[in-house]
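Comments concern the structure below.
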Amino acid sequence: MTSQSQGIHQLLQAEKRAKDKLEEAKKSTKSLSGKEKRLKQAKEEAMAEIDQYRMQRDKEFRLKQSKVMGSQSNLSEEIEEQTQGKIKELNGSYNEYVESVLKQLLNIVCDVKPEIHVNYRATN
C-alpha cells in the first residue's frame, strides 16, 4: 500500500514539473510563434517524462505481480501434493483395518446374550 502511495506521489510530482515547465515556457518567450514552439516543446518533454515514469511503474508492477502469482501457483501445487499424500495414507489405513473392524462389528451384532433387564419387575 505504501509503494502505491509513493508511486502516486511521484506521478503527481512529475505532472507538477510538467506544469511548471509549461508555465515557464509561457513566461519566458515574448513572441507568439516562439511561445507556441516553447509550449509545444515543454508539453512534449512533460509527456515523455510521464510516459517514461508510467512504463517504469508498470514494469515494477508486473514483476511484483508475477512473483505473487508464481508463489500462489507453487503454494497450490504444494497443497495438492499434501492432499494426495493424505488421501493415500487414509486409503492405506482403511484397507489395513477394514476386515478386522467388520469382524468385530459382526461378532458384536451376532453374539446375542438374552438377559432380563435390570428394571424388569415380575408381577405376581
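Along the sequence shown, residues carry numbers from 1. Quick caveat: nothing in here was measured; it's all calculated off a predicted structure.
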Value for NZ (Lys19) from CD (Glu23), rounded to nearest 0.5 Å, stands at 6.0 Å
- request: Answer yes or no: is there an ion pair linking Arg62 with Asp58, defined by an N-O contact shorter than 4.0 Å?
  value: yes
Check: Taking everything shown except Ile87 itself, do over 12 heavy atoms lie less than 6.0 Å from its CD1?
Finding: yes
>> Around atom CD of Glu99, are there more than 12 heavy atoms from other residues, nucleotides or ligands closer than 6.0 Å?
In response: no
Quiz: residues 102-114 side-chain donor-acceptor pairs under 3.5 angstrom, not counting sequence neighbours:
residue : atom : partner : partner atom : Å
Asn107  : ND2  : Lys103  : O            : 3.3

Value for NZ (Lys43) from CD1 (Ile50), rounded to nearest 0.5 Å, stands at 10.5 Å
Is there a donor-acceptor pair closer than 3.5 Å between any side-chain N or O of Thr83 and the backbone N or O of Ile79?
yes
Glu24/Arg38 under side-chain contact (heavy atoms from CB on, under 4.5 Å): CA gap, chis, key distance, verdict: CA-CA 9 Å; Glu24 179 185 310; Arg38 181 65 187 133; 4.0 Å; yes
side-chain hydrogen bond (donor to acceptor under 3.5 Å, both in side chains) pairs touching residues 46-57, sequence neighbours excluded, are Gln10-Tyr53, Arg17-Glu49, Gln56-Glu60, Arg57-Glu60
